[in-house]
Number of protein chains: 2
Amino acid sequence: MASSAKALWPSVEDRERERREKREAVLHAAVRSFNEKGFHATSLDDVANALNVTKPTIYHYFANKDEILFECVRRGLDSIRHAAEAVESEGGGGLERLRRLMRDYAIIMTRDFGMCVTRTADHELSGDSRAKFRALKREIDQTVRRVVEQGMADGSIAGGDPRLVTFTLTGALNWIAHWYDPRGALGAEDVADAAVATLVGGLAPRRLQGER
Amino acid sequence: MASSAKALWPSVEDRERERREKREAVLHAAVRSFNEKGFHATSLDDVANALNVTKPTIYHYFANKDEILFECVRRGLDSIRHAAEAVESEGGGGLERLRRLMRDYAIIMTRDFGMCVTRTADHELSGDSRAKFRALKREIDQTVRRVVEQGMADGSIAGGDPRLVTFTLTGALNWIAHWYDPRGALGAEDVADAAVATLVGGLAPRRLQGER
DNA sequence: ACAGTCATTTACTAGCGAGTATATGGATTA
DNA sequence: TAATCCATATACTCGCTAGTAAATGACTGT
């Protein structure tokens with residue numbers, strides 16, 4: 001079959017796929033460095049070295065540094081958006097939906113591209129990409145807010161200003177990207193479940209079912 | 001009295017005070033630019049221009065750009081630390097204390113130096129200042145965590161991992177610095193009260209006192 | 001065999017911005 | 001009135017890094 005031959009005589013599709021994979025490899029090397037050292041402190045020579053190539057090779061796959069950062073955050077934002085849309089299309093009351101959404105959101109925040117989203121400030125992107133970045137974030141915010149509103153409407157979520165409630169929730173979740181350490185004892189799921197429990201239950205203890 | 005004469009024949013103390021005030025003025029111009037455009041995108045020429053002076057004047061008050069950023073975050077962190085320590089020294093149960101602390105914390109996050117704290121990533125500071133920055137943040141984290149633990153111990157706060165609960169709370173509060181707009185309709189207190197209400201009460205609605 | 005395309009290299013440009021050397025003039029002290 | 005200090009300015013250096021020009025060699029399709 002083709003797969004054994006492809007190393008020596010790759011087909012057109014093989015080469016297209018390889019190009020995409022190399023592009024992704026650049027993004028992965030870049031996002032790790034961005035998360036570790038920050039966007040400005042990461043030179044494209046750094047990224048190139050991490051991949052054992054030279055800088056012009058990177059420019060063969062991307063127009064400029066901006067585009068690299070944007071593609072990183074886009075991947076993170078797309079994951080969140082897909083999670084949010086999945087939740088909207090499934091059933092359940094507002095709180096139930098929001099709970100699932102927050103859990104998925106939290107887990108994405110423990111991963112490279114997710115971390116990159118909240119560690120990247122708007123002003124690190126320039127011009128067009130910045131506008132797109134903002135638009136994507138706004139879109140997600142609005143989806144989350146709709147779920148919150150739905151929950152308030154069906155009575156499964158306590159009343160309040162949906163905008164402020166949404167910011168409070170996403171703030172707590174976004175912040176995971178600033179402290180989570182994949183090498184630590186806690187898995188992403190542990191962190192996600194704990195965050196959801198605190199946000200849903202609140203700090204004040206709830207009486208048990210039978211209690212007065 | 002001295003104040004009328006001081007403009008023409010300033011005393012030694014007057015001149016010391018003026019020096020301190022000019023230092024603070026530099027910090028204020030700097031922090032505004034840092035918050036608006038980011039640390040790297042802010043050149044010291046920008047800061048100097050905002051004050052109608054030139055760059056060497058700034059170096060007359062600060063050793064380097066690093067020191068300027070550090071002094072900015074230190075002011076923000078000091079405010080939070082004072083709020084945290086004040087709460088610890090006052091009375092009240094764990095939840096009551098934490099509620100006050102979170103409110104103060106939130107309000108600080110709407111102000112210039114507070115915003116700067118959470119918008120500044122560790123790696124923007126170098127060497128010594130970075131270590132101090134981390135240490136100050138850790139100290140605050142531990143104080144908050146102690147209050148959380150106290151509340152869990154006295155039963156006023158629901159059980160859970162104090163570390164994760166603290167991160168969830170401070171995350172929500174830190175994030176205020178990323179979206180709060182002082183020119184908007186909401187005052188800092190409105191935002192603070194809303195955030196505290198959501199975090200204390202949780203998303204799930206609570207039954208009223210008499211309800212089954 | 002040939003013209004073209006692709007991936008990658010070496011070697012460069014160009015601009016920005018942190019930080020400095022040095023000058024100036026006004027006030028302070030001796 | 002000389003020596004000194006303080007705040008500020010002008011005019012510079014130097015390093016870093018984004019981005020580019022041009023070459024090379026492998027492979028492709030004709």
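Below, chain A is the first sequence line, B the second, and so on; all start at residue 1.
Note: CZ (A:R23) to C1' (C:dT8) measures 17 Å, nearest angstrom. Rounded to whole angstrom, the span from the CZ atom of A:R15 across to the P atom of C:dT8 amounts to 13 Å. Separating the CZ atom of B:R20 from the P atom of D:dA7 is a distance of 13 Å, rounded to the nearest angstrom. Rounded to an integer number of Å, the gap from A:E16 CD to C:dC6 P is 11 Å.
Applying the ring pair (Phe, Tyr, Trp, His ring centres under 6.0 Å) test to pairs two or more places apart or on separate chains, those with a residue in residues 113-140 of chain A are A:H28-A:F113. Annotation: ring pair (Phe, Tyr, Trp, His ring centres under 6.0 Å) contacts involving residues 42-64 of chain B, sequence neighbours excluded, are absent. Screening residues 165-175 of chain A for salt bridge (Lys or Arg N to Asp or Glu O under 4.0 Å), with sequence neighbours left out, gives no hits.
For B:E149, there are no side-chain hydrogen bond (donor to acceptor under 3.5 Å, both in side chains) partners, not counting sequence neighbours. The side-chain hydrogen bond (donor to acceptor under 3.5 Å, both in side chains) test applied to A:E24 returns A:R75, not counting sequence neighbours.
Using a 4.0 Å cut-off, some side-chain N or O of A:R19 falls inside it from OP1 or OP2 of C:dA7.
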Taking protein heavy atoms under 4.0 Å as touching, what does nucleotides 8-20 of chain D look like 5' to 3' if B marks base contact, S marks sugar-phosphate-only contact and - marks none? BBB------SBBB
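Checking A:D66 against A:S126 by side-chain atom types alone, a donor-acceptor pair falls below 3.5 Å.
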